[in-house]
Amino acid sequence: VLLLATLFFSLGIWQLDRAAALKASLVMATEIDEKVVPLESITSVNISMPAVAINRIVTVSGHYVADFKAPNQVDGSGKVADWEVALLQVGANQGILVVRGLWSDRLLNPDIQAAIDIAGQLRARQDSDHVENSPGVISRLDSAVIVGLTELDLFDGYIIANSESQNGSEIIRTRLMPEKLTSRIPGFYWQHLSYVVIWWLMALVVLYLPFYRRRVAP
């Protein structure tokens, strides 16, 4: 009885630790480290973005090889608009999506083939579609939706550009403010807490059973 009760109590502690770790990771995800670092120093291609890389300010150089429209995107002020998103080739065979600005401003800088230096915020990929994929249009900001369109090895997530420069000259255009981060606790957190209650109730039941059997014994 004591062994089973200890096991159930330990499982409750484990679920409590999982809930605490999840809550801590959400708080970390809303914090922005303003230190500028090279993209390739905090993440790599073909892997999920590490938690320490989310929302970091990064620099990267390369040249754009494709341009996409990302409709119905929401910025930090809550404004809905169509965004211009380009695929930046980094080195010989790597690539990452870069939010350049508003789709309506795309003709301000038509030469997207030249080498370009970028600084911006690295964001985690979007999970939900805003529209359906179609030629020249991506449903969400996620490298997974363009895997079939390129042979480049892709970084997870995307960059919202704060600045772009060519040969030391900055490209002037409207820059987008990222959607505000929230630390809203998802359902998984409460699910972990519910498991804590269940395991501890089972421990109490196991401890109570011997006394119950004595009471009902003839």
Side-chain angles (χ1 to χ4, degrees), residues 26 29-34 36-37 39 42-43 48-49 53-90 94-150 152 154-166 169-184 186:
L26 291 170
T30 63
E31 298 175 348
I32 298 177
D33 188 339
E34 297 294 338
V36 180
V37 295
L39 172 66
I42 56 173
T43 187
S48 295
M49 185 186 300
I54 298 176
N55 304 323
R56 294 296 302 272
I57 307 301
V58 299
T59 57
V60 64
S61 300
H63 63 279
Y64 293 127
V65 294
D67 205 28
F68 303 98
K69 179 180 180 180
N72 304 326
Q73 295 292 325
V74 182
D75 65 13
S77 63
K79 183 179 179 180
V80 180
D82 298 341
W83 292 0
E84 181 188 10
V85 182
L87 175 60
L88 181 76
Q89 180 173 334
V90 182
Q94 299 178 340
I96 187 169
L97 290 174
V98 177
V99 176
R100 303 191 66 203
L102 295 171
W103 180 254
S104 57
D105 293 343
R106 67 191 183 281
L107 299 180
L108 294 178
N109 313 105
D111 183 13
I112 65 169
Q113 300 296 326
I116 194 165
D117 300 314
I118 295 169
Q121 187 182 95
L122 183 62
R123 303 278 293 199
R125 64 182 179 273
Q126 293 180 342
D127 295 321
S128 57
D129 291 339
H130 294 241
V131 295
E132 292 186 2
N133 275 330
S134 59
V137 176
I138 54 176
S139 59
R140 64 182 185 273
L141 301 179
D142 181 0
S143 58
V145 302
I146 64 166
V147 166
L149 303 178
T150 180
L152 297 176
L154 299 174
F155 288 91
D156 187 22
Y158 61 97
I159 297 173
I160 294 188
N162 295 331
S163 67
E164 298 172 294
S165 60
Q166 292 179 325
S169 299
E170 185 174 354
I171 296 174
I172 305 300
R173 63 181 298 175
T174 301
R175 299 299 173 184
L176 298 170
M177 182 170 56
E179 188 175 6
K180 292 181 179 178
L181 301 170
T182 63
S183 57
R184 180 177 61 86

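Heavy atoms only, all atoms of each residue included: Gln89 and Val65 are closest at OE1-CG1, 3.4 Å. Nearest heavy atoms, Val98 versus Ala161: CG1-CB, 4.0 Å. Residues Leu88 and Gly62 share a closest heavy-atom pair of CD1-C, 3.6 Å. Residues Phe68 and Trp103 approach most closely at O-CZ3, 3.4 Å, considering heavy atoms. For Gln94 against Leu152, the heavy-atom pair with the smallest separation is O-CD1, 3.7 Å. Nearest heavy atom pair, residue Asp67 against residue Ala86, reads OD1-CB, 3.7 Å.
To the nearest 0.5 angstrom, Asp156 atom CG is 4.5 Å from Arg125 atom CZ. From Thr59, atom OG1 reaches atom CG of Asn162 across 11.5 Å, with rounding to the nearest 0.5 Å. Note: Ile138 CD1 to Lys69 NZ = 12.0 Å, rounded to the nearest 0.5 Å. Atom OG of Ser139 is separated from atom CG of Asn72 by 11.5 Å, given to the nearest 0.5 angstrom. A distance of 5.0 Å separates CG in Leu154 from CD1 in Ile146, rounded to the nearest 0.5 Å. Of the inter-residue distances, the one linking Thr174 atom OG1 with Leu102 atom CG reads 5.5 Å to the nearest 0.5 angstrom.
In this structure, Asp75 contributes its side chain and Met177 its backbone to no donor-acceptor pair below 3.5 Å. With Arg175 contributing its side chain and Arg100 its backbone, the two residues share a donor-acceptor pair below 3.5 Å.
Arg123 pairs with exactly one of Ile159, Asn55, Leu141 by the side chain to side chain contact (heavy atoms under 4.5 Å, CB included) rule, that one being Asn55.
No side-chain heavy atom of Val58 sits under 4.5 Å from any side-chain heavy atom of Thr43. Considering only heavy atoms from C-beta on, Glu164 comes within 4.5 Å of Tyr64 through its side chain. At a threshold of 4.5 Å between non-hydrogen side-chain atoms, the residues Ile42 and Leu122 count as touching.
Asp127 and Arg140 are not joined by a salt bridge, as no carboxylate oxygen comes within less than 4.0 angstrom of a charged side-chain nitrogen.
Glu170 is linked by a side-chain contact (heavy atoms from CB on, under 4.5 Å) to Ser163, Ile172, counting only residues two or more places apart in sequence or in another chain.
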> Would Val85 and Tyr158 count as a side chain to side chain contact (heavy atoms under 4.5 Å, CB included) if you check the C-alpha gap in whole Å, the side-chain angles of each, and the deciding distance to 0.1 Å?
Replying inline: CA-CA 9 Å; Val85 182; Tyr158 61 97; 6.0 Å; no
